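Along the sequence shown, residues carry numbers from 1. These numbers were taken from a predicted model, which means no experiment stands behind them.
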Amino acid sequence: MAAHNPSRREFVIGGCALACGVAFGIGAKPLVGQADVLRPPGALGESDFMARCIKCERCISVCPTDILQPMGIEGGILQARTPLVSFDAGCCTFCDKCREVCPTAAIGSVDPWMPQNGRIGVATIHEDRCLAFLETGSCGICVDACPYGAMSFDEGRRPVIDETLCNGCGECVRICPANVATSFTGGSVRGVEVMTEKAYREQGGAS
């Protein structure tokens, strides 16, 4: 069989493809870690997580409460199909299944009773939507529902959050009725929200 000798055109096309690939790799590098979304419990820091996650979606398929969803392209091409946490369907029970099935160790172990070690995020109250702030004594089910004692009432019987105890499990978000009661506003944010560490710090929360 005669050896294939690439034509000038093939050589140029191949060279351009290689150059584009290298350029994309260099250009994409700064983009890694820019997504500010809730990740599975115990997930590595965003840059390290993105370096390891292969978008296999095993963690998503194994989640018993269906809080893990594949990220869309709105977060960027590099982050598409990586797992993010949404509390629309439930809360996190820290069952550890996502870590067990992760083939690249992008998700580490976490102790829900030690929030400083790998929590999902930090809950924060939206006073303009929380029913207990809008009408004193009208609600407060999140305080009773918190499995980790991170929520309590202030002197006006309004919920407050101890960020040192909050692991971002999302039970308070799941149970909050404010999204239904104030749906006429057209918003989807409930009276309480679990924020990423970055967003929490930027709004003035403790580091």
Side-chain angles (χ1 to χ4, degrees), residues 35-43 46 59-60 62-69 71 75 83-99 107-207:
D36 187 30
V37 295
L38 298 173
R39 296 297 190 185
E46 188 65 17
C59 58
I60 296 173
V62 78
C63 180
T65 56
D66 294 325
I67 65 167
L68 295 184
Q69 301 177 0
M71 192 170 177
L84 62 79
V85 174
S86 172
F87 297 116
D88 291 341
C91 66
C92 181
T93 61
F94 296 94
C95 65
D96 207 33
K97 292 184 183 298
C98 53
R99 181 194 64 81
I107 301 172
S109 59
V110 58
D111 182 348
W113 295 99
M114 298 183 68
Q116 65 273 24
N117 298 329
R119 62 182 172 186
I120 298 173
V122 190
T124 186
I125 301 292
H126 289 286
E127 297 181 7
D128 60 331
R129 296 185 66 87
C130 175
L131 301 181
F133 277 85
L134 297 175
E135 184 179 347
T136 302
S138 61
C139 195
I141 60 175
C142 56
V143 175
D144 297 327
C146 180
Y148 301 97
M151 302 188 74
S152 60
F153 289 114
D154 65 9
E155 61 280 359
R157 206 179 181 280
R158 295 166 299 195
V160 293
I161 299 169
D162 184 345
E163 70 94 15
T164 64
L165 298 177
C166 179
N167 55 35
C169 74
E171 174 61 13
C172 54
V173 179
R174 184 193 72 80
I175 203 170
C176 178
N179 188 44
V180 175
T182 60
S183 60
F184 61 88
T185 63
S188 60
V189 178
R190 305 187 186 189
V192 60
E193 175 188 8
V194 175
M195 308 178 72
T196 64
E197 297 280 355
K198 179 175 180 290
Y200 182 69
R201 289 194 300 270
E202 287 178 350
Q203 78 155 16
S207 58

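- The line from CD of Gln116 to CG of Leu165 is 9.5 Å long, rounded to the nearest 0.5 Å.
- Taking the side chain to side chain donor-acceptor pair (under 3.5 Å) definition, one finds that Ser86 meets it with Asp88, sequence neighbours left out.
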For this session: Determine, step by step, whether Glu163 and Arg201 satisfy the salt bridge (Lys or Arg N to Asp or Glu O under 4.0 Å) criterion, reporting the C-alpha distance in whole Å, the side-chain angles of both residues, the deciding distance to 0.1 Å, and the verdict.
Result: CA-CA 11 Å; Glu163 70 94 15; Arg201 289 194 300 270; over 6 Å; no
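- Residues meeting the side chain to side chain contact (heavy atoms under 4.5 Å, CB included) test with Asp66, sequence neighbours left out: Ala89.
- When all heavy atoms of Asn167 and Pro112 are compared, the closest pair comes out as ND2-O, 2.8 Å.
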All N/O donor-acceptor pairs, side-chain side in residues 134-152, below 3.5 Å, sequence neighbours left out:
unit_1	atom_1	unit_2	atom_2	d
Ser138	OG	Leu131	O	2.7
Ser138	OG	Glu135	O	2.6

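- For Phe153, there are no ring-ring contact (aromatic ring centres under 6.0 Å, His included) partners, not counting sequence neighbours.
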For this session: Start with the C-alpha gap between Glu197 and Val122, add the side-chain angles, then the distance that decides, and say whether side chain to side chain contact (heavy atoms under 4.5 Å, CB included) holds.
Result: CA-CA 7 Å; Glu197 297 280 355; Val122 190; 4.0 Å; yes
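- Under the side chain to side chain donor-acceptor pair (under 3.5 Å) criterion, Asp111 pairs with no residue, sequence neighbours left out.
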Using residues 90-99 as the side-chain source, report each donor-acceptor pair under 3.5 Å to any protein atom, sequence neighbours left out, with the distance given to one decimal.
unit_1	atom_1	unit_2	atom_2	d
Asp96	OD1	Arg99	NE	2.9
Asp96	OD2	Arg99	NE	2.9
Asp96	OD2	Arg99	NH2	2.7

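- Atom CG of Leu84 sits about 11.5 Å away from atom CD1 of Ile120, to the nearest 0.5 Å.
- Summarising the geometry of Gly191 relative to Cys176, their closest heavy-atom pair is N-SG, 3.2 Å, with the distance given to 0.1 Å.
- Residues forming a side chain to side chain donor-acceptor pair (under 3.5 Å) with Glu202 (at least two apart in sequence, or on another chain): Lys198.
- The stretch residues 115-140 participates, sequence neighbours left out, in no ring pair (Phe, Tyr, Trp, His ring centres under 6.0 Å) pair at all.
- Exactly one of Pro83, Cys59, Pro41 qualifies for a side chain to side chain contact (heavy atoms under 4.5 Å, CB included) with Ile107. That residue is Cys59.
- For the salt bridge (charged side-chain N to carboxylate O under 4.0 Å, His left out) condition, the pairs that include at least one residue of residues 148-160, sequence neighbours left out, are Asp154-Arg158.
- Arg119 contributes no side-chain N or O that, together with a main-chain N or O of Gly168, makes up a donor-acceptor pair within less than 3.5 Å.
- Residues satisfying the side chain to side chain contact (heavy atoms under 4.5 Å, CB included) test with Ala123, not counting sequence neighbours, are Ile161, Cys166, Cys172, Val192, Val194.
- With sequence neighbours excluded, no residue satisfies side chain to side chain donor-acceptor pair (under 3.5 Å) with Asn117.
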